[in-house]
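Accompanying notes for the structure given below.
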Amino acid sequence: MEKEIEEKKQGTSLVLEQKEGNTKKLFIESYGCAMNFSDSEIVASILTEQGYNTTQNLEEADLVLVNTCSIRDKAEQTVRKRLEKYNAVKRSINPGMKVGVLGCMAERLKDQFLEQEKIVDMVVGPDAYKDLPNLLKEVEEGRDAINVILSKDETYGDIAPVRLNSNGVNAFVSITRGCDNMCTFCVVPFTRGRERSREPQSIIEEIQDLWNRGFKEVCLLGQNVDSYLWYGGGLKKDFVKATEMQKATATDFAQLLEQCAIAFPKMRFRFSTSNPQDMHEEVLHVIAKYDNVCNYIHLPVQSGSTRILKEMNRQHTREEYMELVDKIKRIIPDCSISQDMITGFPTETEDDHQDTLSLMDYVEYDFGYMFAYSERPGTLAARKMEDDVPEEVKKRRLQEIVDLQQILSEKRTKRFLGQTVEVLIEKESKKSAQHWSGRNSENVVTVFPKGDYKVGDFVMVKISDCTTATLIGEAVGYSEMN
């Protein structure tokens with residue numbers, strides 16, 4: 001659950017610029033979090049060099065790939081339905097089509113997909129994308145192909161991702177892979193492996209390439225960006241064995257974020273996702289110091305009850321989380337904070353639920369990602385805990401959380417009324433061809449009449465009205481970021 005799932009992006013089939021001379025057709029769909037969509041860009045880059053151009057026409061594809069997510073049961077069920085669809089097309093229209101599963105479901109369901117159900121030709125885990133050329137040879141020679149080995153050092157730092165379905169303004173740059181936190185509800189450590197960080201120079205070079213191509217905002221991405229730590233390569237957990245020189249010259253997340261802010265003063269930076277126990281005060285000072293680092297922190301908490309947090313193995317208490325929020329508000333007074341929340345975790349009582357609601361009131365989150373608990377096979381919670389909260393209770397508690405968040409979002413959005421905020425124009429407004437849509441530093445969507453401005457401009461917008469989650473105003477000129 002440690003990730004932002006954008007529902008409108010689920011199942012997007014990806015298209016990139018056609019490379020002359022490529023004759024094979026690739027159809028690739030992605031499900032899950034931003035990390036999965038970022039990984040699809042890496043896969044597309046690798047396959048472009050293997051003679052593939054993307055297509056949105058499933059029926060003509062030589063290779064169909066689905067990049068999967070194991071975070072929620074809903075995502076798994078959706079992927080299963082898509083695999084049924086691919087196989088129906090394969091049987092009736094395109095018998096030469098090859099079907100592969102990538103990502104988080106691959107490792108967990110490899111035997112089921114390949115041997116029992118025989119619905120795929122290829123299974124590729126998140127650390128094995130560089131092996132795709134070899135796996136494709138196996139498939140083309142009529143054999144099933146599989147590589148789900150998790151790596152201690154693969155970060156794909158040497159692959160420049162193509163930017164799929166990009167607006168040319170915002171881009172994700174992955175800085176870590178894997179996770180060491182072992183939350184009892186989460187499959188990520190099992191599907192993506194232990195935590196390791198990318199070499200800082202490769203990150204700066206990727207951002208430089210984006211800047212050269214006109215991108216204006218980068219989101220530094222990882223399962224847990226705050227524990228970014230480069231000391232020459234290797235797993236985060238092995239840092240204790242590093243030499244004194246490695247420790248003295250290591251780069252942590254605050255240092256990396258500051259390097260980015262200084263190197264690209266006219267580019268805006270965000271990051272996701274943060275884990276409360278790993279967010280150090282130095283990061284907050286970097287956000288406060290640099291105008292091009294956004295005043296926004298996605299800070300998953302999952303529950304407001306210390307007892308449930310312990311059951312989840314979250315490694316922080318309610319009180320410690322509140323202390324961190326106090327620190328954020330002191331150092332960055334206008335910072336937006338968003339949450340991930342799971343309701344109905346095993347043994348959750350009504351008192352625990354009330355603790356969650358009271359924590360939400362205390363923090364006053366700007367927005368959030370809220371889910372009812374669903375048991376994920378392979379997790380500690382699935383193995384050791386009974387899913388004992390009735391579905392109707394989960395639904396009722398989730399609705400109460402959502403309803404409260406609506407009230408808090410409205411309150412937080414209204415704070416901008418009468419203010420002038422800096423907005424990066426990202427696209428045309430969904431509701432009006434005469435308006436631009438973008439976000440301010442605090443991550444609030446803002447719409448305003450187009451005027452003579454264009455996508456990619458940083459514009460100062462005077463806010464006159466708002467809905468629960470959207471600011472409405474008039475542009476009053478360019479910002480200093482332009």
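Just so it is clear, the values below take in all heavy atoms, side chains as well, and ignore hydrogens, waters and symmetry mates.
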Between Trp211 and Phe264, how do the two ring planes meet: parallel, tilted or perpendicular, split at 30° and 60°? tilted

Exercise: do Asn482 and Ser479 side chains pair donor with acceptor under 3.5 Å: no

Classify the side-chain pair Thr306/Thr317 by whether it contains a donor and acceptor separated by less than 3.5 Å. no

Would you say that Phe27 contacts Met97 through its side chain, given a criterion of any heavy-atom pair below 4.5 Å between the two side chains? no

Under 3.5 Å side-chain donor-acceptor pair for Tyr86 and Glu29: yes

Is there a ring-ring contact (aromatic ring centres under 6.0 Å, His included) between Phe253 and His280? Walk through the geometry before answering. CA-CA 9 Å; Phe253 182 59; His280 304 300; over 10 Å; no

Donor on one side chain, acceptor on other, Ser305 and Glu348, under 3.5 Å: no

Any donor-acceptor N or O pair under 3.5 Å, side chains Asn67, Ser30: no

Go through the steps for Glu426 and Lys216 under the test salt bridge (Lys or Arg N to Asp or Glu O under 4.0 Å), then give the verdict. CA-CA 10 Å; Glu426 298 176 4; Lys216 297 295 181 70; over 6 Å; no

Are more than 12 heavy atoms from other residues, nucleotides or ligands located less than 6.0 Å from atom NZ of Lys24? yes

With under 30° as parallel and over 60° as perpendicular, where do the rings of Tyr231 and Phe239 fit, or are they tilted in between? perpendicular

Side-chain donor-acceptor contact under 3.5 Å, Gln208 with Asn212: yes

The residue among Lys236, Lys237, Arg194 that forms salt bridge (charged side-chain N to carboxylate O under 4.0 Å, His left out) with Asp180 is Arg194

Side chains of Asn224 and Asp278: any donor to acceptor distance under 3.5 Å? yes

Compute whether any side-chain donor of one residue and acceptor of the other, for Gln339 and Gln405, lie under 3.5 angstrom apart. yes

Are Phe271 and Tyr228 near enough that their ring centres are under 6.0 Å apart? no

Does any donor atom in the side chain of Tyr290 or Glu258 lie under 3.5 Å from an acceptor atom in the other side chain? yes

Any luck finding a side-chain donor-acceptor pair between Ser197 and Thr176 under 3.5 Å? no

